[in-house]
Amino acid sequence: MTQKRRDFLKAMSAVAVANGAIGKGFDPEKLFAGITQTATPSVGDPLFRELAMVGLEAARGAGAEYADIRISNRNDQGIFTRERRVQGMQSSETFGFGIRALVNGAWGFAASSRLTRDDVAATARQAVAQARANRVAQLKPHVLAPVTSVGDVEWKSPARIDPFTVPIEDKAQLLLTANAAAMQVQGARFVTSNMFFMKEEKTLATTDGSFIVQTIIRSQPGMNVTAVDQSRGDFQSRSSTEVQPHGKGYEHVLDAKLVDNAPKWAEEAVQKLSAKPVEVGRYDLILHPTHLWLTIHESIGHPTELDRAMGYEANYAGTSFIAPPEDFLGKFKYGPEFMNVQGDRSQEGSLAQVGWDDEGVKPEDFMIIKNGIFNDYQTTREQAMWLDWWYKQNGQPTRSHGCSYSQSWADVQFQRMPNVSLLPGEQDISYEDIIAATDRGIAIVGDGSFSIDQQRYNAQFGGQVFYEVRGGKIVGMLKDVAYQMRTPEFWNAMDMIGGKSSYILGGAFNDGKGQPSQSNAVSHGCPPTRHKQINVINTGRTA
Amino acid sequence: MSKPRSLYAPAGFLTREESEAIARRALAAAKADETRVIVSSGARANTRFAENQVSTSGDNYDAEITVRSVFGKRVANANTNKLDDASLAAVVARSEALARLAPEDPELMPELGPQTYGTRPEPSQTETPTPAQRAAAVLAVSEPARAAGLISTGYMQSNVGSFAIANNKGLFAYNRGSSAAMSTTVRTPDGTGSGWAGSAHDEWNDLDAATLGRRAIDKAVRSRNPVAVEPGRYTVILEPTAVANLVQLMAFSLNARSADEGRSFFSKPGGGNKNGMKVVDERVTIVSDPMDPAGRGGLFTGEGLPTERIVWVENGVVRNLNYDRFWAQKQGVSPTASSGVLRMSGGNSSIEEMIASTQRGILVTRLWYIRGVDPRTILFTGLTRDGTFLVENGRITRAIKNFRWNESPVFMLNNIEAMGTPMRVNSSESGQGGGVVIVPPIKARDFNFTSLSDAV
């Protein structure tokens with residue numbers, strides 16, 4: 001690294017000046033002239049309100065009974081390193097708007113990156129015209145649950161350090177230092193590391209009268225170390241899955257301590273080369289939170305999405321074993337009585353945290369599984385109406401849980417997962433306590449390979465590191481481990497759960513669903529758990 | 001800028017002249033030793049349906065520019081979809097600021113000079129289908145499904161777009177494309193049967209929604225009330241979509257560097273790679289050709305290299321691995337410039353003949369949630385879905401419950417018993433079309449089903 005920090009700061013100042021000129025020096029008259037003219041303003045600019053109203057009024061004027069417009073400016077940054085070199089530095093921004101219109105119960109959506117008055121109005125009319133065209137293939141109208149206007153509001157991710165203000169040189173240096181620390185471990189042959197950052201400034205205006213400005217920041221550092229035994233044609237990798245993505249700023253990268261942890265991950269990659277192949281059979285599984293979050297995501301998070309349960313994802317993401325709702329709500333025993341799963345968008349620093357969803361609904365925390373019984377689905381405004389009977393039966397208002405989200409201005413919003421978290425048990429049991437209480441089992445740390453069927457019954461999960469547990473102690477490392485399970489039996493086989501101090505927030509930066517496929521970021525908090533007599537397979541084969 | 005033809009139609013794509021003009025404006029603002037500019041644009045139209053009616057649909061248009069700046073051995077990229085002069089200058093400045101601060105990259109390769117590219121007629125599709133055209137395609141599936149008392153869901157997407165590369169060494173390349181894909185899943189109201197059909201094309205007019213609907217309806221009806229069959233190793237008859245789901249996984253693993261570094265199935269124990277070694281059945285040949293008549297591949301790579309016909313596997317023997325420019329130079333070979341098309345050889349057996357010749361086996365429509373388990377053997381896991389049938393004594397006897405499998409395309413391609421005529425398939429799990437993949441149906445022995453799934 002030959003560049004000095006002051007050189008960097010000087011250069012970044014120049015960029016900041018250039019960017020600042022875009023936001024402050026624009027001419028509103030030119031803004032309306034089209035993309036070959038001057039630049040667009042930054043999100044939050046007063047002009048956005050005017051343009052949003054142009055869109056909503058055009059949609060209303062064309063016959064929409066409801067419309068919303070999202071104007072979004074999203075920045076992404078990625079840094080990728082390998083051993084002693086930076087493989088890539090990528091900075092991208094995308095800016096545009098999408099308008100959704102409901103006309104006689106049919107949806108239309110149109111989006112454009114040309115933010116001029118004429119284009120906004122034309123795009124709104126296009127969304128309405130599209131909804132009208134869709135009516136020929138419409139059997140019953142889409143109806144929205146009521147929402148109260150929130151007026152003018154604003155929300156920001158709880159980031160202490162905006163990652164886009166941190167010198168890129170510092171980021172690269174941190175990754176290269178971590179790589180060097182990993183490579184010092186004998187037998188560690190290859191290492192890659194990376195950082196991803198996302199910052200979206202999003203303005204939502206609805207014909208219900210809400211005008212919502214939000215700034216969402218997410219950060220993800222990561223590393224992967226590979227050890228190779230070329231003589232035997234073997235290689236093993238260890239990813240830094242203890243470091244999960246969060247809805248935080250650069251402080252999350254600093255807290256991850258990549259440099260300090262790199263030797264441990266490298267040593268474990270090397271150890272995996274000589275680990276004992278697992279013997280197939282049934283074992284008590286002790287699942288560390290860095291692993292369990294993904295099992296929760298796949299076997300609880302997705303099947304409790306109401307659009308899946310009602311068949312809207314049947315052509316891609318699948319349906320759900322928890323359907324139809326009338327057979328399962330309030331009846332289905334998902335797991336033991338101490339199992340409680342919460343849906344929320346309120347956890348500090350979680351990936352799905354927002355102030356309002358993409359329909360202007362302020363989300364509330366809600367119980368998906370309560371005392372082991374399936375209690376509620378994830379919903380949007382349209383979906384809440386499908387459960388009107390259930391909410392009336394329970395004396396609850398029919399309102400959305402605030403699960404509407406779109407990955408970008410170019411995509412229509414639809415039902416996406418909030419944070420779905422397994423709440424800790426009442427007793428303060430630790431991961432070590434669970435190992436000590438286990439006579440014959442396998443402890444799995446970190447998430448690895450994962451796959452689950454289209455109704456979320458049959459799943460197979462690998463991991464990062466596997467430990468053989470005998471007589472309450474870890475006696476060695478295993479490899480080629482995966483467990484196969486059927487969701488209801490797996491959760492009902494849970495007999496131990498960690499307490500509050502063992503709770504960790506994991507998550508997925510890019511969770512896919514929908515057609516066209518969209519990406520969502522979601523956190524899953526959980527303590528460690530133990531599951532009795534789960535089927536373990538050996539995935540090692542010879543080519 | 002091409003203009004919307006009506007209220008329904010979004011803007012299309014940037015023409016060659018428009019793309020070049022934008023690239024030139026960005027290059028004029030550049031101060032780096034080397035600058036590459038990529039200009040891409042396009043419109044996407046989609047309609048989604050569920051419960052026999054449209055659920056959502058969308059039209060959008062976007063154009064974006066990516067600038068790659070090099071100072072000495074330092075390099076970085078920046079991207080924006082704001083194409084006004086100030087924003088172009090800003091994205092160039094952002095790219096250059098990042099590049100100046102990037103650590104030196106010892107593997108950096110210089111920008112290419114002007115290249116000569118292959119030619120072919122441009123696609124005739126210049127606009128995305130209107131919402132009314134897409135709604136009509138929905139009705140072609142949903143009305144017959146409704147008439148049969150079934151529930152159809154599905155998705156269609158069509159794109160028109162352009163992609164251009166320019167650099168300050170005089171290279172300019174422009175390519176225009178279009179695509180259309182559709183898939184539908186039809187389910188029985190009792191939730192015991194599900195059938196899928198999908199296709200992918202270069203142009204919207206090639207898409208036949210009614211035929212897809214009939215296939216999915218037929219499968220849904222036939223797949224009702226599946227019974228459980230013990231997991232284990234079975235002879236399978238994989239329809240082309242299922243073959244593509246697997247074969248493309250092997251293609252993704254053909255990376256020369258990871259093979260040379262000892263961390264790939266294509267690594268040779270003791271050092272080196274398996275180029276020249278037989279790895280699958282001798283009837284298997286896998287080729288990429290940008291001029292393949294079944295689907296358009298790219299005429300140039302992201303660096304501007306002209307793509308060419310590449311034989312990856314010939315009669316079961318590895319003939320080429322994928323070399324980037326740096327690794328090719330280091331190893332003293334030519335870089336591979338692949339078009340992204342994947343074509344596998346076939347045979348003369350129809351699926352009906354494969355069924356007729358099978359004593360006991362499983363017919364598989366498609367595979368789902370395919371995830372890597374072990375790169376040493378290209379071992380993947382996943383499930384069967386939307387049409388899984390038991391074959392006994394030469395005929396389909398019943399619908400069966402789905403399986404989880406743990407299998408490698410390498411093992412499957414070593415166990416071939418029969419192959420049919422290659423055809424282009426919708427190769428993505430998402431139904432959005434995926435890359436151009438042309439594969440045959442395959443009958444193979446000893447496919448490893450490891451557990452049962454209750455999912456329909």
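Convention: sequence-line order gives letters A, B, ...; per-chain numbering from 1. Any value given below was found using the heavy atoms of this structure, including those in side chains, with hydrogens, waters and symmetry copies removed.
- Seen from the ring of B/Phe265, B/Arg376 does not count as a face-on cation partner, given the 6.0 Å and 45° thresholds.
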Practice task
Check the pair B/Asn79, B/Thr66 against side-chain hydrogen bond (donor to acceptor under 3.5 Å, both in side chains), reporting the backbone distance first and the verdict last.
Solution key: CA-CA 4 Å; B/Asn79 165 292; B/Thr66 301; 2.9 Å; yes
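- For the set B/Arg385, B/Lys268, B/Arg371, the entry with the most heavy-atom pairs within less than 4.5 Å of chain A is B/Arg385.
- Using a 4.0 Å cut-off between charged side-chain N and carboxylate O, B/Arg404 and A/Asp453 make no salt bridge.
- Contacts between A/Val136 and chain B at a heavy-atom distance below 4.5 Å involve backbone atoms as well as side-chain atoms.
- Interface remark: A/Phe190 contributes side-chain atoms only to the contact with chain B (heavy atom separation under 4.5 Å).
- Here the side chains of A/Glu93 and A/Arg74 are not in contact, with every heavy-atom distance at 4.5 Å or above.
- Note on A/Gly108, A/Ser92, A/Ala127, A/Gly233: by heavy-atom pairs under 4.5 Å with chain B, the leading option is A/Ser92.
- Contacts between A/Thr226 and chain B at a heavy-atom distance below 4.5 Å involve the side chain alone, from C-beta outward.
- If you measure heavy-atom distances from B/Asp454 to chain A, the contacts under 4.5 Å come from both the backbone and the side chain.
- Using a 4.5 Å heavy-atom cutoff, the side chains of B/Ile65 and B/Val91 are in contact.
- For A/Asp480, the part sitting under 4.5 Å from any heavy atom of chain B is the side chain, from C-beta outward, and nothing else.
- Both the backbone and the side chain of A/Gln454 come within less than 4.5 Å of a heavy atom of chain B.
- Considering only heavy-atom pairs separated by less than 4.5 Å from chain B, the leading option among A/Gln87, A/Arg82, A/Lys513 is A/Arg82.
- Side-chain contact of A/Asn458 with B/Ser451: a donor-acceptor pair under 3.5 Å is present, judged by distance alone.
- In this structure, chain B has no heavy atom under 4.5 Å from any part of A/Arg100.
- Only the side chain of A/Arg189 comes within less than 4.5 Å of a heavy atom of chain B; its backbone N, CA, C and O stay farther away.
- Between A/Phe97 and A/Thr123, the closest side-chain pair of non-hydrogen atoms falls below 4.5 Å.
- Looking at B/Arg100 and A/Glu169, no side-chain N of the basic residue comes within less than 4.0 Å of a carboxylate O on the acidic one, giving no salt bridge.
- Proximity to chain A (any heavy atom under 4.5 Å) is shown, for B/Leu88, by neither the backbone nor the side chain.
- At most 12 heavy atoms of other shown residues, nucleotides or ligands fall within 6.0 angstrom of atom NZ in B/Lys31.
- Interface check for chain B: of the options A/Ala317, A/Pro324, A/Ser320, A/Gly540, the most heavy-atom pairs under 4.5 Å are formed by A/Ala317.
- In this structure, chain B has no heavy atom under 4.5 Å from any part of A/Ser237.
- Among A/Arg486, A/Arg84, A/Gln77, the residue with the largest count of heavy-atom pairs under 4.5 Å with chain B is A/Arg486.
- Chain B forms more heavy-atom pairs under 4.5 Å with one residue of A/Ser449, A/Gly311, A/Ala137, A/Ala410 than with any other, namely A/Ala137.
- Per-residue heavy-atom pair counts under 4.5 Å with chain B were compared for A/Gly318, A/Ser451, A/Gly512, A/Gly96, and the maximum is reached by A/Ser451.
- Using a 4.5 Å cut-off between heavy atoms, B/Asn414 does not touch chain A at all.
- Of the two parts of B/Val456, the backbone and the side chain both hold a non-hydrogen atom closer than 4.5 Å to a non-hydrogen atom of chain A.
- Residues B/Asp374 and A/Thr539 bring no donor and acceptor atom of their side chains to less than 3.5 Å of each other.
- Interface summary for chain A: among B/Gly271, B/Gly431, B/Pro269, the most heavy-atom pairs under 4.5 angstrom belong to B/Gly271.
- For chain B, no part of A/Phe321 is nearby; none of its heavy atoms comes within less than 4.5 Å.
- At a cut-off of 3.5 Å, with distance as the only test, no side-chain donor of B/Ser57 or B/Thr47 sits close to an acceptor on the other residue.
- Both the backbone and the side chain of A/Ile452 have a heavy atom closer than 4.5 Å to some heavy atom of chain B.
- A/Glu382 does not touch chain B: none of its heavy atoms, backbone or side chain, sits under 4.5 Å away.
- Residue contact with chain B, scored on non-hydrogen atoms closer than 4.5 Å, is absent for A/Gln413.
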